[in-house]
Every structure is written in structure tokens, then in C-alpha cells.
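Heads up, the thing below is written out as C-alpha cells.
Basis for what follows: all heavy atoms, side chains included, without hydrogens, waters or symmetry-related copies.
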Amino acid sequence: MPELPEVETTRRGIEPHVVGRRVVSVIVRQASLRWPVEAALPKVAAGQAVLRARRRAKYLLLDLETHTLMVHLGMSGSLRVMPAGAPTLFHDHVDIVLDDGNCLRYNDPRRFGSLHLLSSDEHPLLSNLGPEPLSAEFDGAWLYHRARGRRAAVKQFIMDGHVVVGVGNIYANEALFMAGIHPARAAGRISLERYRRLAEAIKVLLLAAIEQGGTTLRDFVGGDGKPGYFAQQLRVYGRAQLACRQCAGILREIRQGNRSSVYCSNCQR
DNA sequence: ATGACAACCTGTGGGC
DNA sequence: TGCCCACAGGTTGTCA
């Protein structure tokens, strides 16, 4: 479900409902997520006001008074605001009950997501992350610099969180198409000029997707329950065997690191 | 350091 | 209709 735009959409959706509220309790129905939810989490979080709702990479960070609640939606997670008493569905693993009668409900069928309580801004999962793709720090020069000596395919290179965070499979495919770069090209054999185009494509795509509420595949909904509309604009993702929207050639599909890559062999070199 | 790959889970859709 | 397999938006850990 979530790539960076979906996580940002979720953050924006829940922010007005949680900031300024106080956590009454945390109900953990299923502690066995990507990492076990610490048993002490509910006790520590209860009673604390929510000061801010931030995002780093695909992690949502809810700053409480003494700790930070760190949420990852994994592959299939969602976080929704709803009345605390709403009937629970299958895979509604955690409720963060707020003092206005609502709760933040975490649902995640595949349980690849996680919930941590940080006592500071530091956490092993957050250290060693690359720059935010929408920051000034991330640009073509950065990609070019980091690609020196790397023989891995550029697609896998830009999906490496040490290089840049938040570029998942959908947007990696789309950005490479937009920049005219073949996904299997070795990262170390791409010019600075082409990396400038790629960095720009990543920014443009992520911004556009955020603006439209994320990419709805299956049934993704943001924190406010609205679907995203970016799916209609995908150029290559999910379009293998269909005609390229730019040259009408047939889009090809290959597998890289067990993820599917769709590209146009005419438009991408 | 880099890269290849398995692992963590459930749900869905296609093919037979 | 039903069954089995392949595959799905992410990340980490391990090993060569």
C-alpha cells in the first residue's frame, strides 16, 4: 500500500485530529508485527499529549511529551481516525485512543509494519537513512556522487534507503520512465546530466502524487478515509504488455531483486 | 562496502 | 466451483 506519498497523505490526514489531543490509552490486540510491540508502550504513552505529527522516510513520528511514537505501515498497513468504539475489523491490531472520543486505528493484514516508542529522536531504524527525496540535499549531483563504483542496476540503486528514502517500486518505475533511463542500467554508468533528470523526475512525481492523495491500489485510503487519485497517471507501473503512452511501443516487464520493473525499451536506454 | 537473497505475513487473482 | 501457485505498495538480516 504505502509509498512515501501515501505515508505523507496519511500524516496530513491524521494531523488535525491528533495534534493537541491527549492519548488516553493504547490498545494492542496483536503485538506480533514486523517487530514485537513493546509491552510497556501503552503504559508509557497513556496520558501524554500529542505535540506534532512528523514523517521521516516512510515512518510516521508522533511526538508525545516525553517520547515519540514511530509507526511504519509496511506493505499493507493503514492508520485511520475513527470513533474509539467503532467495531473492530480483522487485522485492526492497535488503537491509540484519544481524549476526544476518537482513536487512531492501525490495521495491517500482512503485519510488515511496526510500532515503536522512542525515548529520543534516535533509533537504529532511523540512523543511516539517506536524504529525503524532496529536500534540497537530494539532487542529481548527490545521486551521481553516490553511484560512483556501483555496479547494481539503477532501479535497485534508487530504491536503496541509504541512497535516498521513500522511493518504492511504483515511483522507481515511473521516475525511470520519466527520465528515459533503462531500469537495468548500471548505476555507476549514468551521466551527471541524466541523474539530474532522474532526481527531478523523482521530486516531480512524489509531489504530484502527494497532491493527489497518493496512489490508490486496491483500497488504500488516507487518514481521513479518502482515496488517492494518482493511479490514473501511472505511465508504466502495472502496464506491462500495454502500449507506451509516449511512443506506442509495447511495455516490457523484467524482475529485479524480486520486484517487477516495467519499462519502454524504446524510450528508456 | 556491495550485492544477492531469504525472511517476515496475508490476501487476491489467474490458470487449470 | 475450487485448488494451487505466483505475486503484491517494504524493509531488514545474513552471508559470500
Side-chain angles (χ1 to χ4, degrees), chain A residues 1-10 29-37 55-60 70-79 89-94 106-116 123-130 133 145-176 183-189 202 205-206 209-210 212-222 227-234 236-241 253-262:
Chain A
M1 211 177 269
E3 289 212 24
L4 186 144
E6 288 70 41
V7 177
E8 179 61 21
T9 296
T10 298
R29 300 185 191 84
Q30 170 61 276
S32 169
L33 303 180
R34 176 70 167 83
W35 282 281
V37 179
R55 178 188 58 74
R56 170 71 174 115
K58 293 172 187 166
Y59 290 98
L60 280 165
M70 180 171 80
V71 183
H72 198 289
L73 302 178
M75 202 97 125
S76 57
S78 66
L79 208 48
L89 303 174
F90 205 24
H91 303 311
D92 278 343
H93 304 315
V94 179
Y106 174 80
N107 180 287
D108 184 5
R110 290 179 74 178
R111 288 191 272 135
F112 282 2
S114 61
L115 212 69
H116 285 89
H123 191 278
L125 293 171
L126 297 178
S127 56
N128 303 318
L129 287 180
H145 167 67
R146 291 300 311 266
R148 293 314 82 206
R150 293 198 57 166
R151 300 163 73 172
V154 62
K155 167 109 178 312
Q156 298 181 268
F157 172 68
I158 59 171
M159 289 180 72
D160 179 347
H162 302 292
V163 174
V164 58
V165 300
V167 181
N169 200 36
I170 296 178
Y171 299 104
N173 276 298
E174 295 297 314
L176 288 166
R185 178 166 291 275
R189 305 197 50 188
I202 289 169
L205 283 163
L206 292 178
I210 289 169
Q212 290 166 65
T215 303
T216 293
L217 262 53
R218 296 217 169 81
D219 53 359
F220 171 78
V221 286
Y229 292 97
F230 194 72
Q232 305 160 18
Q233 298 175 35
L234 297 175
V236 287
Y237 182 84
R239 302 194 66 245
Q241 309 306 324
E253 179 166 27
I254 55 176
R255 292 198 74 77
Q256 298 181 279
N258 207 31
R259 312 301 295 275
S260 88
S261 300
V262 185

Gap between atoms CG and P, on A:L206 and C:dG9 respectively (whole Å) = 16 Å

Would you kindly check whether a donor in the side chain of A:R259 faces an acceptor in the base of C:dA8, or vice versa, at under 3.5 angstrom?
-> no

Steps toward side-chain contact (heavy atoms from CB on, under 4.5 Å) verdict (A:R34, A:H72) | CA-CA 9 Å; A:R34 176 70 167 83; A:H72 198 289; over 6 Å; no

For A:L89 and B:dG11, what is the distance between atoms CG and C1' respectively, to the nearest whole Å?
-> 15 Å

Can you tell me the distance, in whole Å, between the CG atom of A:D108 and the P atom of C:dA8?
-> 18 Å

A:N258 CG - B:dC8 P separation (whole Å) = 15 Å

Just checking A:F90: base, sugar-phosphate only, or nothing, at a heavy-atom cut-off of under 4.0 Å?
-> sugar-phosphate

Scan every strand shown for a Watson-Crick or G-U wobble partner of C:dG9, both distances under 3.5 Å, and answer none if you come up empty.
-> none

Within the structure shown, what part of the strands sits under 4.0 Å from A:L125 by heavy-atom distance: base, sugar-phosphate, or nothing?
-> sugar-phosphate

Contact class for A:Y171 vs. all strands (heavy atom < 4.0 Å): base, sugar-phosphate, or nothing?
-> nothing

I'd like a list of close polar pairs between nucleotides 2-4 of chain B and the protein, N/O only, cut-off under 3.5 Å.
{"from": "B:dG3", "atom 1": "OP1", "to": "A:R151", "atom 2": "N", "distance (Å)": "2.7"}
{"from": "B:dG3", "atom 1": "OP1", "to": "A:A152", "atom 2": "N", "distance (Å)": "2.9"}
{"from": "B:dG3", "atom 1": "OP2", "to": "A:R150", "atom 2": "NE", "distance (Å)": "3.0"}
{"from": "B:dG3", "atom 1": "OP2", "to": "A:R150", "atom 2": "NH2", "distance (Å)": "2.9"}

Identity of whatever pairs with B:dT2 - Watson-Crick or G-U, under 3.5 angstrom | C:dA16

Do A:F112 and the base of B:dC8 stack face to face, with centres under 5.5 Å apart and an angle between planes under 30°?
-> yes

Checking all strands, does A:S32 fall into the base, sugar-phosphate, or nothing category for heavy-atom contacts under 4.0 angstrom?
-> nothing

Just wondering, do A:E253 and A:S261 contact through their side chains at under 4.5 Å, heavy atoms?
-> no

A:P2 side chain near A:T10 side chain, heavy-atom distance below 4.5 Å = no

Is there a donor-acceptor contact under 3.5 Å linking the side chains of A:Q233 and A:Q212?
-> yes

4.5 Å side-chain heavy-atom contact, A:Y106 and A:D108 = yes

From the candidates C:dG10, C:dG13, C:dC7, the one with an atom nearest any side-chain atom of A:R34 is C:dG10

Determine, stepwise, if the pair A:S32 / A:R111 fulfils side-chain contact (heavy atoms from CB on, under 4.5 Å).
-> CA-CA 8 Å; A:S32 169; A:R111 288 191 272 135; 3.3 Å; yes

Hey, are A:D160 and A:R150 close enough for a salt bridge, meaning a charged N less than 4.0 Å from a carboxylate O?
-> yes

Separation of C:dG10 C1' from A:M70 CE (nearest whole Å) | 14 Å

Which is true for A:R111 with a 4.0 Å heavy-atom rule: it touches a base, it touches only sugar-phosphate, or it touches nothing?
-> sugar-phosphate

